[in-house]
Number of protein chains: 2
Amino acid sequence: MGATKTEHFTGKQNAIAGLAKALGHPARVAIIEYLIKVDACICGDIVNELPLAQPTVSQHLKELKNAGLIKGEVEGNAICYCIDEKAIEKLQNYFGNISARLTKKKSTCC
Amino acid sequence: MGATKTEHFTGKQNAIAGLAKALGHPARVAIIEYLIKVDACICGDIVNELPLAQPTVSQHLKELKNAGLIKGEVEGNAICYCIDEKAIEKLQNYFGNISARLTKKKSTCC
DNA sequence: ATTTAATATTGCAATATTACGATAAAGATT
DNA sequence: AATCTTTATCGTAATATTGCAATATTAAAT
């Protein structure tokens with residue numbers, strides 16, 4: 001059929017998949033990196049930073065926001081976007097945990 | 001239109017996006033978690049662990065392999081899958097780095 | 001050599017994503 | 001009020017993903 005069978009997986013699995021999916025496009029990775037680079041909320045220039053048309057960028061921002069990776073607030077006639085640290089922390093913890101488990105129990109098989 | 005404009009982004013951005021995309025589906029997250037849980041290469045039972053048909057699971061495994069998240073070796077009439085630690089490390093480093101940068105420079109804006 | 005077991009591939013339908021032109025909405029500027 | 005600037009939404013085309021039945025492949029077991 002084509003639709004993801006979300007209901008068959010745990011909430012945590014869907015949560016991680018949701019965050020990962022949002023970062024599963026180079027434009028969205030680039031947006032996150034730009035937000036970090038300038039170390040501020042961005043009111044403007046995101047569109048100029050990316051090799052994509054304005055509606056496309058707007059759509060990517062929307063997806064990042066829906067996934068909880070960024071927050072956006074209206075600031076005059078611009079909109080102020082920043083990274084939501086909680087989401088990044090979740091990812092960091094998740095992969096840190098996996099990494100720790102992998103090095104600890106080193107299975108000999110492969 | 002409709003195809004991702006990969007060529008407009010850096011190799012690193014595409015690399016992270018590729019790994020993230022592979023984890024952007026709960027079934028693939030579940031596969032990774034199962035591989036960690038049993039702490040071994042899995043020759044068999046992955047299909048039984050997931051609420052999906054065998055061809056679908058096979059396809060997800062293929063994608064994880066293409067993305068470099070798992071390695072697979074033929075082992076008799078079964079195939080032995082294990083996590084590729086390097087990929088997990090890349091993700092851990094990436095998000096660790098972002099997290100560090102965020103807490104260090106704490107911007108006051110949002 | 002046949003059968004069995006495990007995994008992969010093919011083909012296809014349903015759905016989702018990506019991208020952008022056109023247009024709308026909303027606050028700032030004149 | 002008219003205009004400019006910035007961001008969002010709509011509509012639509014191109015492409016990708018998801019899922020599975022049917023079938024193929026491959027190696028072990030009989």
Side-chain angles (χ1 to χ4, degrees), chain A residues 1-9 13-14 17-31 34-35 41-67 69-82, chain B residues 1-9 13-14 17-31 34-35 38 40-67 69-82:
Chain A
M1 328 259 145
T4 296
K5 291 192 158 180
T6 311
E7 68 278 10
H8 292 314
F9 301 96
Q13 285 166 346
N14 281 307
L19 290 174
K21 192 175 187 178
L23 288 173
H25 191 291
R28 295 194 287 268
V29 171
I31 289 171
Y34 183 64
L35 284 172
C41 302
I42 292 309
C43 318
D45 24 69
I46 292 192
V47 172
N48 306 320
E49 281 296 315
L50 293 177
L52 295 168
Q54 181 269 323
T56 308
V57 173
S58 186
Q59 204 173 286
H60 282 307
L61 286 166
K62 192 179 174 186
E63 266 171 75
L64 284 170
K65 200 177 170 188
N66 285 341
L69 274 158
I70 63 175
K71 294 177 285 187
E73 280 169 47
V74 178
E75 185 100 356
N77 69 340
I79 287 205
C80 177
Y81 281 114
C82 357
Chain B
M1 336 244 139
T4 296
K5 291 189 158 182
T6 311
E7 68 278 9
H8 291 316
F9 301 97
Q13 285 166 346
N14 281 307
L19 290 173
K21 191 175 187 179
L23 288 172
H25 192 292
R28 296 194 286 265
V29 171
I31 289 171
Y34 182 64
L35 283 173
V38 298
C41 302
I42 292 311
C43 318
D45 22 71
I46 292 191
V47 171
N48 306 321
E49 282 294 315
L50 293 176
L52 295 169
Q54 181 269 323
T56 308
V57 174
S58 185
Q59 202 173 288
H60 282 307
L61 287 167
K62 192 179 175 186
E63 267 172 76
L64 284 170
K65 201 176 170 190
N66 284 343
L69 275 158
I70 64 176
K71 294 176 284 186
E73 281 170 46
V74 179
E75 184 102 356
N77 69 340
I79 287 205
C80 177
Y81 281 114
C82 358

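Nothing here was measured: the structure is a model prediction, and the numbers come from that model. The sequence lines fix the lettering, A, B, ..., with proteins before strands; numbering per chain opens at 1.
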query = For Ser58(B), which residues count as a side-chain contact (heavy atoms from CB on, under 4.5 Å) partner, sequence neighbours excluded?
reply = Gln54(B)
request  = Could you check how far CD of Gln59(B) sits from P of dC12(C), rounded to whole Å?
outcome  = 15 Å
query = How long is the line joining CD of Glu7(A) and P of dT18(D), in whole Å?
reply = 15 Å
request  = Go through the steps for Leu61(B) and Val57(B) under the test side-chain contact (heavy atoms from CB on, under 4.5 Å), then give the verdict.
outcome  = CA-CA 6 Å; Leu61(B) 287 167; Val57(B) 174; 4.0 Å; yes
inquiry  = Using OP1 and OP2 only, check whether a side-chain N or O of His60(B) sits under 4.0 Å from dT17(D).
reply    = no
Between C1' of dG19(D) and CG of Leu61(B), the distance in whole Å = 14 Å
inquiry  = Once rounded to the nearest 0.5 Å, what's the spacing between atom CG of Asn14(A) and atom CG of Leu19(A)?
reply    = 11.0 Å
query = In residues 49-57 of chain A, what residues come within less than 4.0 Å of DNA chain C, judged by heavy atoms?
reply = Leu52(A), Ala53(A), Pro55(A), Thr56(A)
query = Sequence neighbours excluded, which residues qualify as side-chain contact (heavy atoms from CB on, under 4.5 Å) partners of Lys65(B)?
reply = Ile70(B), Tyr81(B)
inquiry  = Can you pull out the residues from residues 17-31 of chain A that lie within a 4.0 Å heavy-atom distance of DNA chain D?
reply    = none
ask   = Between CG of Leu35(B) and CD1 of Ile46(B), what distance do you get to the nearest 0.5 Å?
value = 5.0 Å
task = Find the distance Glu63(A):CD to dT9(D):C1' and express it as a whole number of Å.
result = 14 Å
query = How close or far is atom P of dA5(C) from atom CD1 of Ile79(B), stated in whole angstroms?
reply = 18 Å
query = Quick one: Lys65(A) NZ to dT9(D) C1', roughly how many Å, whole number?
reply = 14 Å
request  = Tell me, please, which residues at least two apart from Glu63(A) pass side-chain hydrogen bond (donor to acceptor under 3.5 Å, both in side chains).
outcome  = Arg28(A)
request  = Sequence neighbours left out, what passes side-chain contact (heavy atoms from CB on, under 4.5 Å) with Ala30(A)? Give chain and number order.
outcome  = Leu50(A), Phe9(B), Gln13(B)
ask   = What are the two closest non-hydrogen atoms of Ala67(A) and Ala22(A), and how far apart are they?
value = CB-CB, 3.4 Å
key: d(CZ, Phe9(A); C1', dT18(D)) in whole Å   = 11 Å
Phosphate OP1/OP2 of dA8(D) contacted by Tyr81(A) side-chain N/O (<4.0 Å) = yes
ask   = Please give, in whole Å, the distance from dC20(C) P to Lys62(A) NZ?
value = 17 Å
query = How long is the span from the CD1 atom in Ile31(A) to the NE2 atom in His25(A), to the nearest 0.5 Å?
reply = 9.5 Å
